[in-house]
Amino acid sequence: MRLQARAELKRLQNELCITTVYVTHDQTEALALSDEIAVLNKGGIVQNGSPKEVYNNPIDSFSASFVGRYNLFDGKQLATLFGQAFAANGLVAVLPENLFLQKTTTPTNIFITDISFTGALTEYILSTGSQVFKAVSFANGSSAFKKGECVSLIVSKENVKSLELN
């Protein structure tokens, strides 16, 4: 019913050529219904732009956490987790769908603490001791990974987003 209502609202917006202000905490609805998004924090706009722009290029940790549910890392954590240097001095963000798990023969300190099959996607909750973060991949029947398994991670440099401090 919710998807039907969203589709109907989008149809009316387009058919009537009207500007609509839609206030929601549901990121999926905001992305699906909008031509432009404004992310508000403490009464002020912290970022605005097209849904793709805001989702793919958050400017600060609030936008990253709110719109994309990004994993947040500092430069040191990034180098430790991915075994490669990134030009990151401050906080960086990586979307769960841009973290790729890989089986490893050499021990790492990254463990799968939980696996959730959600239909089209499989969500992996990962832990390095005190830090917990998420990776997501398309589900293809059975999971190639098991709970408790030690893994390594791969991420492309273009998927690591540097953030402004807020």
Can you tell me how far apart [atom1] ([X]) and [atom2] ([Y]) are? Round to the nearest 0.5 Å.
{"X": "Cys17", "Y": "Leu12", "atom1": "SG", "atom2": "CG", "answer": "11.5 Å"}
{"X": "Asn48", "Y": "Ile59", "atom1": "CG", "atom2": "CD1", "answer": "8.5 Å"}
{"X": "Ile154", "Y": "Asn159", "atom1": "CD1", "atom2": "CG", "answer": "12.5 Å"}
{"X": "Leu101", "Y": "Leu126", "atom1": "CG", "atom2": "CG", "answer": "5.0 Å"}
{"X": "Gln13", "Y": "Ser34", "atom1": "CD", "atom2": "OG", "answer": "7.5 Å"}

State, to 0.1 Å, how close [X] and [Y] come at their nearest heavy-atom pair, and which atoms those are.
{"X": "Leu91", "Y": "Ser61", "value": "CD2-CB, 3.7 Å"}
{"X": "Leu95", "Y": "Asn71", "value": "C-ND2, 4.2 Å"}
{"X": "Phe73", "Y": "Gln131", "value": "CD2-NE2, 3.0 Å"}

Worked check of side-chain contact (heavy atoms from CB on, under 4.5 Å) between Asn41 and Phe66: CA-CA 10 Å; Asn41 187 17; Phe66 186 75; over 6 Å; no
Only residue of Val46, Leu163, Val39 satisfying side-chain contact (heavy atoms from CB on, under 4.5 Å) with Pro58 is Leu163
More than 12 heavy atoms from other groups under 6.0 Å of [atom1] on [X]:
{"X": "Asn14", "atom1": "CG", "answer": "yes"}
{"X": "Lys42", "atom1": "NZ", "answer": "no"}
{"X": "Lys10", "atom1": "NZ", "answer": "yes"}
{"X": "Glu8", "atom1": "CD", "answer": "yes"}

Side-chain donor or acceptor of Thr104 paired with backbone N/O of Val151 under 3.5 Å: no
With no hydrogens and no angle check, is any side-chain donor or acceptor of Tyr55 less than 3.5 Å from a backbone partner on Ser50? no
